[in-house]
Trainee: 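For reference, the structure I am asking about is given below.
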Amino acid sequence: MKTIVSRIAWLWILPVVLVAWEVSTRAAQAVYFPPPSVILARLHELWFSGPAAHVFLTDEAAHHLLPSLGRLVAGWAGACLVAIAAGVALGRSAVLYDVFSPLIHFFRSVPPPLLIPIFMTMTGIGTPLQLTAIVFGVSWPVLLNSLDGARYVDRQYLETCEVFGISRFRRLTRVILPAASPKIFAGLRISVALALIMMILSEFIGSTEGIGYRMLVAQSELDVPTMWTAIVLLGILGFVLNAAFLRFERHVLTWHRGARKTD
């Protein structure tokens, strides 16, 4: 029933919002808030009016959109792998947790955008800066959720492994990681949005390509519709990434959802 209501809501809420936006902005004649028809027309012209052989991507899109996506995926994937490994190690070792816990809580409290100028002095401008910023911003929610998930595995599971003499590697892959996976996926989902934010912020500084850079150029030229195309594009990108991740999460954690329903 809930799924049916959600689908029906999608059929009317988006058109209603778009019509209200169109009418209100045209009535107000707001310079900095163009109607969605103008934004969508510019979005098509600037990004998606290319040949079918290039998946309708224009040269502008190939020059700015694809590099941004490449850095987003590379930075997010690298950060998540390292953060999961570190989080599980810290969660399963009380000594390591006591040693590194103050540092973790200190650095996670520092807003990642504030460190971009410092990263720039260390890595220079361009892709190294952007990857460093994405990795730093993404790591903390994944690390903390992985740590909590690995730290609070049901003691009965671990005692059963000891009784049957299961090796540490199999204990890690068959018991600890599956038990911690709901927490880990919660951190991964948060990190997707953070990766998108850090990608854009890092492209505002010392970049010559990317969605953030293109938005900055449009701002300097007072090209308001183009600025809005970047905003809409980021919203669409965030929605698609979140939807894809949720689908992947449901597939991987099917056993967990089934267990919750049984309980």
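Small disclaimer: the values here were computed from a predicted structure and weren't measured.
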Trainee: With a cut-off of 6.0 Å (strictly less than), are more than 12 heavy atoms of other residues, nucleotides or ligands near NE2 of His54?
Mentor: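 No, because the 6.0 Å sphere around NE2 of His54 holds 12 heavy atoms or fewer from other groups.
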Trainee: Could you tell me whether a side-chain N or O of Glu22 sits under 3.5 Å from a main-chain N or O of Ser37, the two making a donor and an acceptor?
Mentor: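 The answer is yes, because a donor-acceptor pair under 3.5 Å joins these two groups.
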Trainee: Answer whether the closest heavy-atom distance between the side chains of Glu60 and Leu65 falls below 4.5 Å.
Mentor: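 A side-chain contact under 4.5 Å is absent here.
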Trainee: If you take all heavy atoms of Leu143 and Ala83, which pair is closest and at what distance?
Mentor: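 Closest heavy-atom pair between Leu143 and Ala83: CD1-O, 3.6 Å.
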Trainee: Which distance, rounded to the nearest 0.5 Å, do you find between the CD1 of Ile125 and the OG of Ser207?
Mentor: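 Spacing of CD1 (Ile125) from OG (Ser207) equals 8.0 Å.
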Trainee: Looking at Arg92 and Ala150, would you say the former's side chain and the latter's main chain have a donor-acceptor pair under 3.5 Å?
Mentor: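 Confirmed, Arg92 side chain pairs with Ala150 backbone.
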Trainee: Applying ring-ring contact (aromatic ring centres under 6.0 Å, His included) to Phe33 and Trp228, what does each step give before you reach the verdict?
Mentor: CA-CA 8 Å; Phe33 293 93; Trp228 275 95; 5.8 Å; yes
Trainee: Can you measure from CG (Leu57) to NE2 (His63) and round to the nearest 0.5 angstrom?
Mentor: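 That separation rounds to 14.0 Å.
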Trainee: Scan residues 117-149 for pairs that pass ring-ring contact (aromatic ring centres under 6.0 Å, His included), counting only residues two or more places apart or in two chains.
Mentor: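 Listed once each, the pairs are Phe119-Phe136, Phe136-Trp140.
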Trainee: How many angstroms lie between CE in Met120 and CD1 in Ile205, if you round to the nearest 0.5 Å?
Mentor: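 So the gap between those two atoms works out to 5.5 Å.
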Trainee: According to the interplanar angle, ranging from 0 to 90°, do the rings of Phe185 and Phe245 count as parallel (below 30°), tilted (30 to 60°) or perpendicular (above 60°)?
Mentor: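 Correct class here is tilted.
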Trainee: Between Leu177 and Leu172, is there a side-chain heavy-atom distance shorter than 4.5 Å?
Mentor: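 In short, these two side chains touch, coming nearer than 4.5 Å.
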Trainee: Does a sphere of radius 6.0 Å around CD in Glu221 hold more than 12 heavy atoms from other residues, nucleotides or ligands, not counting ones at 6.0 Å or beyond?
Mentor: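 Buried by this count: over 12 neighbours within 6.0 Å.
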Trainee: Which atom pair, heavy atoms only, marks the closest approach of Ile200 to Gly212?
Mentor: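 In this case the closest contact between Ile200 and Gly212 is CD1-N, 3.8 Å.
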Trainee: Heavy-atom count check: over 12 atoms from other residues, nucleotides or ligands less than 6.0 Å from Asp59 CG?
Mentor: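 For Asp59, atom CG is not crowded (no more than 12 foreign heavy atoms under 6.0 Å).
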Trainee: Verify the cluster assignment for Leu81 and Ile104: are they in a single hydrophobic cluster under the rule of side-chain heavy atoms below 4.5 Å apart?
Mentor: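 In one cluster: no.
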Trainee: State plainly whether one hydrophobic cluster holds both Phe56 and Leu237, where clusters connect Ile, Leu, Val, Met, Phe, Trp and Tyr through side-chain heavy atoms under 4.5 angstrom apart.
Mentor: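 Cluster IDs for Phe56 and Leu237 differ.
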Trainee: Working to the nearest 0.5 Å, report the span between CZ of Arg174 and OG of Ser167.
Mentor: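 Rounded to the nearest 0.5 Å, the CZ-OG separation comes out at 9.5 Å.
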Trainee: Is the side chain of Ser93 donor-acceptor paired with the backbone N or O of Leu90 at a distance under 3.5 Å, no angle test?
Mentor: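 No: the side chain of Ser93 does not pair with the backbone of Leu90.
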Trainee: Should Gln130 and Ser68 be marked as a side-chain contact (heavy atoms from CB on, under 4.5 Å) after you check the CA-CA gap, both sets of side-chain angles, and the distance that decides it?
Mentor: CA-CA 9 Å; Gln130 289 140 17; Ser68 289; over 6 Å; no
Trainee: Main chain of Pro141, side chain of Asn145: is a donor-acceptor contact present, judged purely on distance under 3.5 Å?
Mentor: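 Yes, because the side chain of Asn145 sits within donor-acceptor range (under 3.5 Å) of the backbone of Pro141.
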Trainee: Nearest heavy-atom pair of Ala74 and Leu131: which atoms, and what distance?
Mentor: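 Between these two residues, the closest heavy atoms are CB-CD2, 4.2 Å.
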Trainee: Applying salt bridge (charged side-chain N to carboxylate O under 4.0 Å, His left out), name anything that partners Glu159, two or more places apart in sequence or on another chain.
Mentor: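 Expected list: Arg155.
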Trainee: Step by step, work out the side-chain contact (heavy atoms from CB on, under 4.5 Å) result for Met122 and Thr132.
Mentor: CA-CA 10 Å; Met122 298 167 56; Thr132 303; over 6 Å; no
Trainee: Kindly check if the number of other-residue, nucleotide or ligand heavy atoms within 6.0 Å of CZ (Arg171) is above 12?
Mentor: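 It does: Arg171 CZ has more than 12 such atoms within range.
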Trainee: Under 4.5 Å between side-chain heavy atoms, hopping through other hydrophobics if needed: is there a path connecting Leu18 to Ile231?
Mentor: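 Yes, one cluster joins them.
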Trainee: A side-chain contact here means heavy atoms from C-beta on lying under 4.5 Å apart; do Pro225 and Ile39 qualify?
Mentor: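 No; the side chains remain at least 4.5 Å from each other.
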Trainee: What's the separation between atom OG in Ser146 and atom CG in Leu188, rounded to the nearest 0.5 Å?
Mentor: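 One gets 6.5 Å once the value is rounded to the nearest 0.5 Å.
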Trainee: Quick one: side chains of residues 43-52, donor-acceptor pairs under 3.5 Å with protein atoms, not counting sequence neighbours, listed by atom name and distance.
Mentor:
from	atom 1	to	atom 2	distance (Å)
Ser49	OG	His44	O	3.4
Ser49	OG	Glu45	O	2.9

Trainee: So, taking the atom named OG1 in Thr208 and the one named CZ in Arg214, what distance separates them when rounded to the nearest 0.5 Å?
Mentor: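 Rounded to the nearest 0.5 Å, the OG1-CZ separation comes to 13.5 Å.
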Trainee: Under the criterion side-chain contact (heavy atoms from CB on, under 4.5 Å), I'd like the reasoning laid out for Ile166 against Val175: C-alpha separation, chi angles, the key distance, then a yes or no.
Mentor: CA-CA 10 Å; Ile166 297 175; Val175 177; 5.8 Å; no
Trainee: Evaluate the criterion side-chain contact (heavy atoms from CB on, under 4.5 Å) for residue pair Val38 and Arg42; output intermediate values, then yes/no.
Mentor: CA-CA 6 Å; Val38 174; Arg42 182 64 63 86; 5.6 Å; no
Trainee: Applying the side-chain contact (heavy atoms from CB on, under 4.5 Å) test to Val19, which of Val17, Val23, Val16 qualifies?
Mentor: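 So, applying the side-chain contact (heavy atoms from CB on, under 4.5 Å) to Val19 and each of Val17, Val23, Val16, only Val23 qualifies.
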Trainee: State plainly whether one hydrophobic cluster holds both Val135 and Leu196, where clusters connect Ile, Leu, Val, Met, Phe, Trp and Tyr through side-chain heavy atoms under 4.5 angstrom apart.
Mentor: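 No, separate clusters.
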Trainee: Do Leu114 and Met198 share a hydrophobic cluster (ILVMFWY, side-chain heavy atoms under 4.5 Å, transitive)?
Mentor: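 Each belongs to a different hydrophobic cluster.
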Trainee: Measuring only between side-chain heavy atoms, which start at C-beta, is Pro34 closer than 4.5 Å to Thr25?
Mentor: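 Sidechains of Thr25 and Pro34: no contact.
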Trainee: Would you call Arg71 and Glu203 a salt bridge, using N to O less than 4.0 angstrom?
Mentor: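 Answer for the salt bridge query: yes.
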Trainee: Taking all non-hydrogen atoms of both residues, which atom of Val138 and which atom of Ala195 are closest, and how far apart?
Mentor: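 In terms of heavy atoms, the two residues are closest at CG2-CB, 3.4 Å.
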Trainee: Does either side chain, that of Arg108 or that of Ser139, offer a donor lying less than 3.5 Å from an acceptor on the other one?
Mentor: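 Short answer, no.
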